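In this text the structure is predicted, and so the values were computed from the model without any measurement. Convention: sequence-line order gives letters A, B, ...; per-chain numbering from 1.
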Amino acid sequence: MPIALERHLNTSQLKAVETVDGALLVLAGAGSGKTRVITYRVLHMIDNLGIRPESILAVTFTNKAADQMKTRVRERLPAGRSADPWISTFHSLCVRLLRREIEALGYGRDFAIYDADDQVKVIRELLKSAGMDSVKPRRIQSRIGWAKNRGIAPGAMADHAFRAEDEAVGRVYADYESRLRADNALDFDDLLIKTVELFEKFPDTAARYGERFRYIMVDEYQDTNRAQYALIGHLARPHGNVCVVGDEDQSIYGWRGAEIQNILDFEKDYPDARTIRLEQNYRSTRTILAAAGAVVAHNRMRKGKQLWTENPQGSKIRYFEGHDPGHEAAFVSERILRRRRREPDARIAVLYRTNFLSRTLEEVFRRFDIPYQVVGGFSFYERAEVKDILSYLAAAVNPRDSVRLGRIINTPPRGIGRTTTDALQSWARAHHASLWDAIAGVADDSAAPARSRRALAAFRTLIEELAASAAEGIRTVELIRQVIEKTGYVAALEDEATEEAGSRIDNLRELANAAEEGAQRGESLRDFLDNAALVSDQDAWDENARVTLMTLHTAKGLEFPTVFIVGLEDGLFPHARSIDDDGDVEEERRLFYVGMTRAQERLYLTCARARRVFGSEDAAVTAVSRFLREIPPDLVDALSEPSFSEPAARMRGGYTGRSYDTTEAVRSVLDTRARTAPRSGAWKPGAKVRHAKFGLGTVLGIVGEGDDAKLTVSFNNHGLKKLIAKYATLEPA
DNA sequence: TACTGTAAAGTTTTT
DNA sequence: CTTTACAGTA
């Protein structure tokens, strides 16, 4: 039965769905039903037009978006089809293509994927052997990424030397590239770049995939970079059926090489392209939309859209200035509690520019007993123990992966220390060989110390055994079990018998579960490793979480009835690094626009008048974000007296929890807190306490008074600790 | 070789 | 403040 599109779509949406052949640009404003259009477009093609699902390719940026689209399409399509449409992220699409085709470029099909940490490790080693210890590896990494995303080769680095350091960067960059080739490894940028290179060198291959994917859709087109743009160009060449969806006002990845010009120039690139604007917003109140629109109107680089909505006016935007981050967080907490009293299941997001801002919020939320979920920071797959075990699996598949091998060569300790690894390094350099070859070389070298040789030979046997198991196609869970047994990894953790070691063991159990779940979906070991390499922070997000904390970047594509944007101070948002460049400020402004338009009904904007950097003694006085002044005043309800002109002296020492003016509401909550949570000086010997890191314990002794008191606490799992009351985050237990 | 303690550095946003 | 790197010692 054909899908009745008219019942689900407005006029513009319907036009976008029904325009299937040729090039199509859909300019979809925030909340205008973009995902709905893409989903129905796929359904329409398959169900109403009889297009084969496997000839449809939809590309997104995040796994989350891809999964969501897959689910929605699958739900509405009749069961029993031969295949699904290809819906995936740019990166996983490239991995799938390269796993089949990369041998044409001289790599092995089992290439490793290096993440940012791996890159830094490689660069650090290269710098060390070049004697350039003073340069920071992270800087080099970001410069290399900058160059790669703009198609600048190592040799051309000096020509493009926008910065003095770039000539040196060029040299490291060249070494870096050959090192990755020796390791049979690609970094994230390479995944895209090498696919494009493949298509350029082998037009037949490009044409083959172009023929296969006759209908192409790209989500968030404003965030595509040079390589992604070229990739789509190659795939669309045979037929020109390409539909890109995006919003130039939501382009927020310029720093990562995204070129807003790609969407602005789409009509030039595809001269017979049709353009459809989706301007009706279904998400936000009139007030929120008007405020966001007024802000983004300050940007010059726009195609221009006029969003409108039939939604009600809604309440004004609430603005609050705290004295410091603690005060700001207390305000947010109080408003969250108030909302939950009216509506226990309310979904609330707290958004910030930089990850470290979550710390104060988390601390205060815990004191208010507000459960929350932080999205970002480190994900499951970034935990040391998980990375360790995954490294064993990766090494079993590709022993040339020297980053993974280097990580596990002495983890857990097996007698391969500095001296031995130094010997390996110089052997590898002398023979232009990989770490793996060096291990064999030194183990067989009768001139090397017998102890090292024994340890290395044992390690080599271990990896070879694991590789043999992997080659047999043994279940991933089973291989994990072998790793744990043969290395004694979990046994070592069990010996530690600490709370932390216990949670690490739990994490490994979780890893085994993930492997088993993957296996049941039919994933191979290789697939499992690829997925682990490509998961993002957003993927761990539980949509049902009541209170979610995340960066503004992560929030893109999501919506919440209530949204807080915190830390609205110049230098923080817009970020100090962007403030000097008009283009960069425009991108920050778009980011603010993205944040505001996440809100459906209630939007709170907050800042702190003083903020500490690195926990310094005195908190620096802040200036209110310039973006706040771009909101029409009549849309805003100020909940505190703006007083940024106050003398700095008043802010000294930061937030004490006493003696400041604020709204009655915050004060009452703070008072409650003061009654329930004793001030830090109030502990008595014998009191049971809980520490964020050490867990449960008992206070044994106290020296001094108040905040300066030094406590001696006996923790159940960490033994005796001496703590200073002011800094220790102790709670009564 | 492995562990412990002290010094220094660090915070932009992410597939 | 927190985390990481490195040096010195068992």
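Judged by the 6.0 Å distance and 45° axis criteria, A/R590 is not positioned over the aromatic ring of A/Y593. At least one cation-pi condition fails for A/R626 and A/F592: the charged atom is not both under 6.0 angstrom from the six-membered ring centre and inside a 45 degree cone around its axis.
B/dT15 atom P lies 21 Å from atom OH of A/Y221, rounded to whole Å. Following rounding to the nearest Å, A/N149 (CG) and B/dT13 (P) show an atom-to-atom distance of 18 Å. The distance from atom OH of A/Y593 to atom P of B/dT13 is 24 Å, rounded to the nearest whole Å. Spacing between atom CD of A/Q141 and atom P of B/dT14 amounts to 14 Å, rounded to whole angstrom units. In this entry the distance linking CG of A/D422 with P of C/dC6 reads 13 Å, nearest Å. A/D115 has its CG atom 15 Å from the P atom of B/dT14, to the nearest Å. Put simply, CD on A/E382 is 10 Å from C1' on B/dT14, counting in whole angstrom units. Summarising the geometry, the separation between CD on A/E363 and P on C/dT2 is reported as 8 Å, rounded to the nearest angstrom.
Between A/H553 and A/Y253, the distance separating the two ring centers is shorter than 6.0 angstrom.
Within the nucleic acid shown, A/F188 comes within 4.0 Å of at least one base atom, counting heavy atoms only.
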Dump every N/O contact between nucleotides 1-4 of chain B and the protein below 3.5 Å, one line per pair.
residue	atom	partner	partner atom	Å
B/dT1	OP1	A/T419	N	3.1
B/dT1	OP1	A/T419	OG1	2.2
B/dT1	OP2	A/T420	OG1	3.2
B/dA2	OP1	A/G415	N	3.3
B/dA2	OP2	A/N410	ND2	3.0

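A/Q222 and A/E248 share no donor-acceptor pair across their side chains, judged by distance under 3.5 Å alone. Side-chain atoms of A/Y372 and A/R366 include a donor-acceptor pair closer than 3.5 Å. At a cut-off of 3.5 Å, with distance as the only test, no side-chain donor of A/E569 or A/S625 sits close to an acceptor on the other residue.
Residues A/D115 and A/K387 are paired through a salt bridge, judged by an N-O separation under 4.0 Å between the basic side chain and the carboxylate.
Residue A/N355 places at least one side-chain N or O closer than 4.0 Å to OP1 or OP2 of B/dT14. One finds a side-chain N or O of A/K136 lying less than 4.0 angstrom from the OP1 or OP2 phosphate oxygen of B/dG10. Listed pair A/T554 / B/dT14 meets the phosphate criterion, a side-chain N or O lying under 4.0 Å from OP1 or OP2. For A/T551, a side-chain nitrogen or oxygen approaches OP1 or OP2 of B/dT14 to under 4.0 Å.
Nucleotides C/dT4 and B/dT13, compared at atom C1', are 23 Å apart to the nearest Å.
Nearest to the side-chain atoms of A/R124 among the listed nucleotides C/dA5, B/dT15, B/dT13 stands C/dA5.
Ranked by how close their nearest DNA chain C nucleotide is to the 5' end, A/R359 and A/K128 are led by A/R359. Position along DNA chain B of the nearest nucleotide to A/R353 versus A/L192 favours A/R353 as the more 5'-ward residue. Between A/E588 and A/L534, the residue whose closest nucleotide on DNA chain B is further toward the 5' end is A/E588.
Under the side chain to side chain donor-acceptor pair (under 3.5 Å) criterion, A/T89 pairs with A/S92, sequence neighbours left out.
Ring-base stacking between A/F90 and B/dT15 is not satisfied when judged by a centre separation under 5.5 Å and a plane angle under 30°.
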